*Asks:* 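First the structure, which I've put down as structure tokens, then a few questions once you've had a look.
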There are 2 protein chains.
Amino acid sequence: MQQKKEIINKLRSSNLRPTKQRILIAKKLFDRKKTFHFTAETLNQAVNKKGDIKISLATIYNTVEAFKKAGHIREILTNNSKSYYDTNIKSHHHFYDSESKKLTDIDYQDVILDKIPNPPKGKKIKDLEVVISLQNK
Amino acid sequence: MQQKKEIINKLRSSNLRPTKQRILIAKKLFDRKKTFHFTAETLNQAVNKKGDIKISLATIYNTVEAFKKAGHIREILTNNSKSYYDTNIKSHHHFYDSESKKLTDIDYQDVILDKIPNPPKGKKIKDLEVVISLQNK
DNA sequence: AATTCAGTTTATAATTATTCTAAACTGTAA
DNA sequence: TTACAGTTTAGAATAATTATAAACTGAATT
Ligand SMILES: [Mn+2]
Ligand SMILES: [Mn+2]
Ligand SMILES: [Zn+2]
Ligand SMILES: [Zn+2]
């Protein structure tokens, strides 16, 4: 459980002014036990559900982009037309259930990559993602 | 090199009438040595470059969807906002260069997955994709 | 060969997700 | 306090895709 002070420090340390909007969004994102997989839409719903203050959708997008740039969240690959984000910034993989449009974490050690190819010359690997799409049995 | 007759058979066998638009698109897609990675936009350019007939963008989208449903092409995961497709329907993986927005095939045997997790109960694995994002060294 | 009609194509409108704009607001350093 | 860069916001703009509905056409039937 992250205290307000910790959240403010997190924001400050990435050169983001701790506005009331960012603090509320950060609480929703980081003040939880489990990883949170979300889209701009679901975050907007989560944040604007309970009273508190009203945060505009533009701010949701701005903040998601700022948090992503700061490395506090990461974007995940899916087949969906919406962008998906993850509060778990450690290297790990995902199941994507196209029925429910929900992501589930796969522990890093549950996928063993024994061999990965060399990147083309002049390029280096930025990220490696494994996405396992699911369908009903 | 696929003959027109082969292409017509391919279309017929998936219950797609061999219209002149579909035949032209299929030629562009399948009558080539190497795998083709494309978006609706790049396919539209390729198809409408040379004289021949003019094919509307709506037909590009319709045909891509029809070919995908028929299993003649597959969609590939990327971070790009456009959908990417692949004429290589065998299981394989990709480099994605976010600078050039280009995909490159990774041979199936160049990624060795020694362990993959069990899907959640009631679900089975539809597909497993490895995407390696590249950045300049 | 002419007829028929479901399947297909097309121009265009609609939708959806996201980004842009520019005016109002606010956190904080002086 | 004041000043001002950074931030928020409503609304407009953009971009990719999908929907609509009228015209067209491949191919089966006569
Ligand atoms: Mn995506
Ligand atoms: Mn995509
Ligand atoms: Zn995750
Ligand atoms: Zn490929």
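Here is the naming used below: chain letters follow the sequence lines, and residue numbers restart at 1 for every chain. In this text, all values refer to a predicted model and were calculated from it rather than measured experimentally.
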*Asks:* Output the rounded distance in Å from CG (B:L24) to P (C:dT10).
*Replies:* 11 Å
*Asks:* Tell me the interatomic distance from A:I60, atom CD1, to D:dT8, atom C1', rounded to whole angstroms.
*Replies:* 12 Å
*Asks:* Please state how far atom CG in A:N15 lies from atom P in D:dA5, giving the value in whole angstrom units.
*Replies:* 16 Å
*Asks:* Within this structure, what is the NZ-to-P distance between B:K4 and D:dG26, rounded to whole angstrom?
*Replies:* 10 Å
*Asks:* Let me know the distance between NZ of B:K54 and C1' of D:dC24, rounded to the nearest Å.
*Replies:* 15 Å
*Asks:* Rounded to whole angstroms, how far apart are CG on A:L11 and P on D:dT7?
*Replies:* 10 Å
*Asks:* Without decimals, in angstroms, what is the distance between B:E75 CD and D:dA16 P?
*Replies:* 15 Å
*Asks:* Ignoring hydrogens and angles, state whether a donor on the side chain of A:D86 or A:H92 is under 3.5 Å from an acceptor on the partner side chain.
*Replies:* yes
*Asks:* Do A:D105 and A:H37 have a side chain donor and acceptor closer than 3.5 Å?
*Replies:* yes
*Asks:* C:dA17 C1' sits how many Å from A:L43 CG, rounded?
*Replies:* 15 Å
*Asks:* With respect to the phosphate group of C:dT9, does any side-chain polar atom (N or O) of B:R22 fall under 4.0 Å of OP1 or OP2?
*Replies:* yes
*Asks:* Base contacts versus sugar-phosphate-only contacts with protein, heavy atoms under 4.0 Å: please encode nucleotides 18-27 of chain C as B, S and - from 5' to 3'.
*Replies:* BB------BB
*Asks:* If we count only N and O atoms by modelled type, under 3.5 Å, do the side chains of B:H94 and B:T104 hold a donor and an acceptor together?
*Replies:* no
*Asks:* Extract all donor-acceptor atom pairs below 3.5 Å that involve side chains of residues 115-126 of chain B and protein atoms in other chains or at least two apart in sequence.
*Replies:*
{"unit_1": "B:K123", "atom_1": "NZ", "unit_2": "A:D97", "atom_2": "OD2", "d": "2.9"}
{"unit_1": "B:K123", "atom_1": "NZ", "unit_2": "A:N136", "atom_2": "OD1", "d": "2.5"}
{"unit_1": "B:K126", "atom_1": "NZ", "unit_2": "A:S98", "atom_2": "OG", "d": "3.1"}

*Asks:* Check the pair B:I76, B:L103 against side chain to side chain contact (heavy atoms under 4.5 Å, CB included), reporting the backbone distance first and the verdict last.
*Replies:* CA-CA 9 Å; B:I76 306 169; B:L103 289 158; 3.7 Å; yes
*Asks:* Return all side-chain donor-acceptor pairs below 3.5 angstrom for residues 59-70 of chain B, not counting sequence neighbours, or 'none' if the list is empty.
*Replies:*
{"unit_1": "B:T59", "atom_1": "OG1", "unit_2": "B:S56", "atom_2": "OG", "d": "3.2"}
{"unit_1": "B:N62", "atom_1": "ND2", "unit_2": "B:A58", "atom_2": "O", "d": "3.4"}
{"unit_1": "B:T63", "atom_1": "OG1", "unit_2": "B:T59", "atom_2": "O", "d": "2.7"}
{"unit_1": "B:K68", "atom_1": "NZ", "unit_2": "B:E75", "atom_2": "OE1", "d": "2.7"}

